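Working notes for the structure below.
Keep in mind it's a predicted model, so treat the numbers as computed, not measured.
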Amino acid sequence: MGLAIAVGFLEIWSLLRPIAATAAVLLAAAAVLGLAWHRKGIFRRSARAILGVGWPLLVYVLIAGFLAIRSSGPCDYYDTGLYGAPAIRWIVAYAAVPGLANLHERLGFNSSVFLCDATLVQGLWPSLYFHFFTGLMLAAMWAGIFPSVVRVVRGAPVSPVDYFQSLLVIPAASWAARSKIVGTITDQPSAIVCLIAAGILFSELSRGAENRDEHGSGQVRIVVAVTLAALGLTFKLSAIVFSALAWAVAFAWLRSSSKQSNQRGVWLAACILLPAAILVPWLIRGVILSGYPFYPSTALGIPADWRLPAALANREAHAIYSFSLNQIYAHTPAKMLAWGRLGAAGRWFFGVLRIREAFQVPFLISIVGAAALFACRFRAAQQNTNLNRPLWLLVPSIGGIVFWLIKGPDPRFGEAGLWALAATLGGLGMASSAVRFQWVRPRVVAAGLVAAMLWCLSGAGWLQPYRPLRSINGLAPLPDARVTTRSTTSGLMVYVPVSGDQCWNAPLPCTPYFDRTLRLRSAGNWGGGFESEGLQDSPTE
């Protein structure tokens, strides 16, 4: 929740000022003040959490240390050089720049992860900001799911919520061990935040209105969940349908479950105002960067002089979809690609089914969980537990998956929906089976989780993320790009990579897509924004 509030603050700040040291100091001061104000409660809860934990604490420390080691590697995330690092250079140099997408279409991508990275630029290691954020998000995810995992491994009595959280150990392990975590990465942070929000909703829907306490902690958790859903959207636009439907489910549940509460209006207002405090400045910033609030979609574009031509925005959206298909076809056996009767959908399915951690395993867990629920006829749980309510999480999960299939069917764009579906059906299926079939014990489930995790981690290419670590000697800054200068018809001088399409940390303004019609909106003022007719040359070879 603190991260969500900090991002809302940074969104508003970036509309008015560049993300400079002042913004970082204000956030740090608020953090220190909050820690000091609540120090007794924090120390008491920390001591209670650590007391008697034993070996799980050591295991978590080892996991965090492993993430730190992986985060120390060099940056080989391609999109960082393509547009992530240049976007952060603009954020720390200027307030939101109108029409920045005219300089380079991908600079119109509006991710709040870039604002977080820009804040880290103001720290002790300004040239090493890209090493930290994704690893910290993964460490937070592990901290959230680890207590449930420990209960399952120990064979203690567990709830459907514990099964839900324990299933998330599979993507958490895969992201920690195999995914890229060094760079300006947006996919994993968005998925992590959305899954944490889904876990909170699952927990509250499982508890039911009859089990709420009179202090309103359940309502607070619902408000946190919808705020995190909004945060996940600002991290990655591909989460828009999942986040919107999760908000709708949470709002409907809070509205129906708080009818007897005197503070019902307060909670409902909080469910609207707190997400809006994050989303409204984010939408405004998107309009400033590209002329469209949901770029690369051209929906709701404004008639501004800096708006990126619609043809270029549509071309970018098509490029994302084509890139997604090409990524999938790279996993499809050549014989299947050549088999005409299989069809495009069949070739895609057999290609994506080979991606273990992002599709194959959550797909199979969802099927097995749904079969277990059907076999138990949704009635196997104890009388004080209702397994039907958490099924409302299928609405955002399936909705997010449908949107993913339509807009960009690369599994990394749909992992929040895929794993929320798997955790919901799998968690409920295991909980109902545990009551109906006595042989289903937590340790049996733990063995299955370990097997699935090892299956995901043992695929081809698992050594690739670790090879660069053998050659490092300290934290490495971003690579330098060789650039040359070119002049537009208006006399504006821009930097262009000598080869390839990555600017990395090149001076501003840099673009791999030179546009002769590019011009400044205000002479001599880069912060005033850019205009373009959209008649661009091909990328520099």
Side-chain angles (χ1 to χ4, degrees), residues 1-9 11-12 27 30-31 33-46 48-49 140 144 147 159-162 164-165 193-234 239 242-283 383-396 420 424:
M1 192 64 173
L3 176 62
I5 294 172
V7 166
F9 167 80
E11 290 283 358
I12 296 172
L27 283 176
L33 180 62
L35 289 171
W37 186 267
H38 297 284
R39 61 188 182 277
K40 292 182 179 179
I42 292 172
F43 291 149
R44 183 172 60 252
R45 293 181 64 182
S46 299
R48 186 165 59 245
S159 66
V161 178
D162 287 325
F164 180 101
Q165 299 282 14
V193 170
C194 288
L195 288 174
I196 292 174
I200 296 173
L201 286 179
F202 187 93
S203 174
E204 290 307 307
L205 290 170
S206 298
R207 289 174 61 189
E210 64 276 6
N211 293 326
R212 294 187 181 278
D213 61 76
E214 60 183 12
H215 301 292
S217 64
Q219 288 89 336
V220 171
R221 285 169 57 79
I222 290 290
V223 172
V224 171
V226 297
T227 306
L228 292 181
L231 179 64
L233 168 56
T234 67
F242 181 92
S243 297
L245 293 178
W247 178 89
V249 168
F251 188 84
W253 169 243
L254 183 61
R255 188 172 180 271
S256 65
S257 64
S258 60
K259 291 181 179 179
Q260 307 302 322
S261 174
N262 295 329
Q263 294 184 316
R264 183 190 188 198
V266 175
W267 301 122
L268 294 177
C271 272
I272 297 173
L273 296 178
L274 283 176
I278 299 174
L279 292 176
V280 170
W282 174 76
L283 291 170
Q383 293 183 355
N384 64 347
T385 302
N386 193 317
L387 296 184
N388 293 327
R389 290 196 198 97
L391 288 174
W392 280 103
L393 267 181
L394 298 183
V395 174
T424 300

Tell me, please, which residues at least two apart from Q165 pass side-chain hydrogen bond (donor to acceptor under 3.5 Å, both in side chains).
none
I'd like to check the side chain to side chain contact (heavy atoms under 4.5 Å, CB included) partners of L279; sequence neighbours left out, ordered by chain and number.
A230, L233, T234, W282
Nearest non-hydrogen partners of Q219 and L254, listed with the distance
CG-CD1, 3.5 Å
Taking every non-hydrogen atom, the tightest pair across E204 and G218:
OE1-CA, 3.2 Å
Got P160 and F202 here, is their nearest side-chain heavy-atom distance under 4.5 Å?
yes
As an exercise, state the distance from CH2 of W253 to CG of L205, rounded to the nearest 0.5 Å.
6.0 Å
Would you name the heavy atoms of G232 and A239 that are closest together and state the gap between them?
O-CB, 4.0 Å
Hey, does R221 have a side-chain heavy atom less than 4.5 Å from the side chain of S203?
yes
Are side-chain heavy atoms of F251 and I222 found at a separation under 4.5 Å?
no
Is the closest side-chain heavy-atom distance between L391 and L394 below 4.5 Å?
yes
Once rounded to the nearest 0.5 Å, what's the spacing between atom CD1 of I196 and atom CG of L3?
9.5 Å
Measure the CG-CG distance between L201 and L228 for me, rounded to the nearest 0.5 Å.
9.5 Å
Nearest heavy-atom contact between F164 and G199 is CE2-CA, 3.4 Å
S243 meets the side-chain hydrogen bond (donor to acceptor under 3.5 Å, both in side chains) criterion, sequence neighbours left out, with none
Just by distance, do the side chain of T424 and the backbone of A420 share a donor-acceptor pair under 3.5 Å?
yes
I want to check something: taking the side chain as every heavy atom from C-beta on, are L274 and V226 in contact at a cut-off of under 4.5 Å?
no
Do T227 and M1 have side-chain heavy atoms sitting under 4.5 Å apart?
yes
Determine whether W247 and I272 make a side-chain contact, defined as any pair of heavy atoms from C-beta on separated by less than 4.5 Å.
yes
I need the minimum non-hydrogen distance between I278 and G8, along with the two atoms involved.
CG1-CA, 4.3 Å
Which heavy atom of P275 sits nearest a heavy atom of A270, and at what distance?
CD-O, 3.6 Å
Would you say R255's side chain and L268's backbone share a donor-acceptor pair under 3.5 angstrom?
no
